[in-house]
Each structure stands twice: as C-alpha cells, then as structure tokens.
Number of protein chains: 2
Amino acid sequence: MTENSAIRTIPRKSLHEELVDRLQMLIITGELQPGTKVPEKDLCAQFGVSRTPMREALKVVASDGLVRLEQNRGAWVSPLTISEVEEVFPILGVLEALSGELACQNITDDEIAAVRALHEQMISSYEARDLEAYFSVNQKIHRAILKAARNDTLTTSCQALSLRMQRARYLANMSDERWAAAVQEHEKIMEYLALRDGKQLARTLLAHMRGKQASVTKWLQSQGGQV
Amino acid sequence: MTENSAIRTIPRKSLHEELVDRLQMLIITGELQPGTKVPEKDLCAQFGVSRTPMREALKVVASDGLVRLEQNRGAWVSPLTISEVEEVFPILGVLEALSGELACQNITDDEIAAVRALHEQMISSYEARDLEAYFSVNQKIHRAILKAARNDTLTTSCQALSLRMQRARYLANMSDERWAAAVQEHEKIMEYLALRDGKQLARTLLAHMRGKQASVTKWLQSQGGQV
DNA sequence: AACTGTAATTTTGAATTCATAATTTAGTCA
DNA sequence: TGACTAAATTATGAATTCAAAATTACAGTT
C-alpha cells in the first residue's frame, strides 16, 4: 500500500449509482422542483457525464417513485401529495413497528448505550431549539434501531419509503406542540428499547409515525396540498 | 373506434419496462439460474434489442434485489437464501396485515362477494388437489384484498417483495398438512373480511404469512439452503 | 387577434461505437 | 507436466450516433 495507490482511487460507486444518489438529493432538497421536467441534458452537462448513465439512473429513481417517466416525453419530478403521504406513512408505521420489535430481540447493551447517547444529544438539540441538529440526530436514532433489527431488507424498504417523505421533512417545520410531543414519544421509545419491550416499542413507534403523518399532512395542506 | 385503430396499437410499455418484466419472469421461473451470470449478450439477441435498454432494465431489476451488479463484472442472478426468506416474510407479514386492516375499512359489498367467489374457487382447486390452479386463485385473493386496501404504494411494496419469494412458490410444493392448514387459514381470512373485522383479519394474515415462511424455509433447507 | 396546419427544431429512445477492465488462451520456462 | 507470464479475446461501462417522436415557430386563413 504505497501512497500512490490512493492517487487513483477506484470510484466507490459506479457512475450510475452515484447519479442515483445525486438525483435523489436534488429532488429531496427541492433543487429539482416537483411537477417540472427533469432537465436531462443540463444535468448531464452539470455532472459531466453522457446521457447513458444519467438515463439508467433515472430509470432506477423512477422505480422508487421520485420521478415519473412518460413515453417519449422524458422524466418528470413527482410532486409529494397528501394522498401519497396518507399512503406511505401507515406503511412506514408498521415497518418501524416491526423494526422496534426485532431490535428488542437483537440489540446489544452497547447498542442501547449508543442509542441513549444519541437520545441525550437529541434532547439537547431540542432544548437549544436547533431543528437542524434535532432532525439529524433523530434520523440517526431511527437508523440505529433499524440496524439493531438485523434485517437489511427492512432497512432498505424503510429508507426507500422515507426518501419520498424526506422532502416534507426538509421543507416543513414542526409546530411547537408537535415538537414537544415528538420528544415525549422519543422518551418512551428510549424507555421501551432499554427494557427490550418489543410490543410496547412497536406501539409507540406506530403512534410516533401517526404523529409525524398528521404534522406533515397539516403542513402540506397549508402548501395547497402538494410538494 | 374502428378496427384500424387496433392495427397500430401504441406499445403499452416502453422497451425497458417490458424487459424488466421479462427479466423478472426469467429469474422467478428459474430459467436464469441463481448464482449464474446474466447472459446480457444472449438475452439481447433473444429479445432482439440492443444492450442499452437491456442494461437499463438490469439496473432496475438490481434495485429490486433480483440481480446483483458487480463493477466491471456484469450482472449476477441473486440466489434465494434462507436468511433472505427470514428477512422478507416478516416484512410481508406486517404489510399484508396492514392491507387487511385497510381493506376492512374500504371494501365494498360487491368486492367481498367477488373475493368470496374466488375463495370458493380456491376451495375447489384444493379439493381437486390442483396446485397450479390453487396458487393462481390464491394470488388473486391476496391481490383483491390489497386492491380493496386502496393504497397503491402498499400494493407496489408488497408485489416487489413477493417477487423475490415467488421463486420458492414456483418451485416448492407444500406438504399436505401445510396445504390443509393454509386452506383453514383462508377460511378465517374470508370470515373476518366479510365481518370487516380488521384487527382479526390482520392477525390471521400475519399468522398465514408465518406459516408460509415456515413452509418455504423447510423446503429451502431441503434444497441445501439456497435457491 | 385567434386558430389551423405545416415546417423547423429539439428531445427522446435505442443502436452503435469506443476505451478500458476482466477473462481466457497461448506460450515460456522450470 | 505444471505453474507463471504475456498476448489475444471478450465483456463491460460509457460516449456517441441515429431515427422517430414531440415540441416549437411560423405562415396563412378567417
């Protein structure tokens, strides 16, 4: 292993995988506006790639539902609608509930300690009213529980569905009441996880997801029901 | 609507979508052997298409997990393993349970009647020990319940995950006891659906899925744990 | 000015081409 | 004979090219 070997590091992902990630991010952050056409040519120029890998990536992103392909008319950014939220959150609810149950069966003491550390960090972010940090740590907690569930397929499924809701989380703010309630729910989540009480944890995660759904729906409604 | 309009029907799917379906079928039926390389060139010749749409389709199929892409080494048919079965069935379980709950909230009397007709048909197939017909009608029942749940995302998610298990259902036979038990479970499913008892239907569908998992796992074990 | 039909332009879907990486084959030497 | 190396072959990933479809621009008509 000389230093030279690092100079020409093999790209960790293939071009099209990299592009899938980039496209997802562009859509989640709203840089690609919902309902608009995906500017294929421009994106190719922007990323310095030809149309072939870009179009491969678009096919994959379309199969996840973030864009819609129309025959001979190109790719369009799917808007996030209330009805989509009402479809996806209940699914995410039962999946997270399952992840909670499985996590209680498989999580180690060390992992519980790690989640507790994240939990404390999240509380601090809440007390400092640092939404950015709060969201980030929040995600880490959910990911840690998913990881403890020892089910990669479940992780993949959750992440694919979450992705479609991420746009709302990126753009929407929570109300003060909702934020407080969410923190309360997380206290319970932490408690039941530490007790390894799968049934109760599942119940709480499901309720937590219902709360999120209501919050996102409310915000979406204030936005005219879309995006 | 003249007869002429049918002569030049617009292809209902784009080339790559069609190829996605074909590839999935080739893998499910075992024509493409698990663990082997996907013969890209041969398939292109077989279907009379160039590599571009075939490779687009492979990217999509890979994102569903039926094939694995290896950098510079092409696409490989993913084997169906016990650990994958143990990951996917619990997920399908909670998703079908959810579909049952939602179906009870939304299903019409006509739809219940239609499911009952399918149910009777399935019983006949069972009594005639016609496994082929039984599987076919069975699938229709599950699809009808999913449809009554009025959640397209749930339908898509279930179908994507089912696809990966379909190989086992295609190749595996059920034991007599398992088949009898499955039919019993379906009696209950029909009963609770007719009563629109979401909670009980969910419970039954979950148990039904657990039975399927055990059956498939047992068969997979008899096959050396794979395929 | 609004509408219709047609030509020019652009975009899309798919085939082809090309450079590079992986694999196979052939050849060399112990 | 068998292991190793180098050349040849093949397959892969990505860019380019090409035909067909869609969109735009525009002229002629009312």
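Reminder, nothing fancy here: chain letters follow the sequence lines and each chain counts from 1.
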Can you tell me how far [atom2] of [N] sits from [atom1] of [X], to the nearest Å?
{"X": "A:E17", "N": "D:dG13", "atom1": "CD", "atom2": "C1'", "value": "13 Å"}
{"X": "A:W76", "N": "D:dA22", "atom1": "CH2", "atom2": "P", "value": "13 Å"}
{"X": "B:E70", "N": "C:dA22", "atom1": "CD", "atom2": "C1'", "value": "12 Å"}
{"X": "B:L15", "N": "D:dA21", "atom1": "CG", "atom2": "C1'", "value": "15 Å"}

| task | Could you say whether A:H16 or A:N72 is positioned toward the 5' end of DNA chain D, judged by the nucleotide with the nearest heavy atom to each? | result | A:H16
| message | Quick check on contacts: within residues 51-59 of chain B, what sits under 4.0 Å from DNA chain D by heavy-atom distance? | response | B:R51, B:R55
| note | Within residues 37-50 of chain B, the residues having a heavy atom closer than 4.0 Å to DNA chain D are B:K37, B:K41
| request: Calculate, to the nearest 0.5 Å, the distance between atoms CG and OG belonging to A:N151 and A:S157 respectively. | output: 8.0 Å
| note | To the nearest 0.5 Å, atom CG of A:L32 lies from atom OG of A:S78 at 11.5 Å
[X] side chain to [Y] backbone, donor-acceptor under 3.5 Å:
{"X": "B:D130", "Y": "B:S125", "answer": "no"}
{"X": "A:S162", "Y": "A:Q159", "answer": "no"}
{"X": "A:E87", "Y": "B:D152", "answer": "yes"}

| task | Mind checking side chain to side chain donor-acceptor pair (under 3.5 Å) for A:S83 and listing every partner two or more places apart, or none if nothing turns up? | result | A:T81
| said: More than 12 heavy atoms of other residues, nucleotides or ligands under 6.0 Å from CZ of A:R22: yes or no? | reply: no
| query | Heavy-atom distance under 4.5 Å between the side chains of A:H186 and A:N138, does that happen here? | reply | yes
| Any side-chain N or O of B:R73 under 4.0 Å from OP1/OP2 of C:dA21? | no
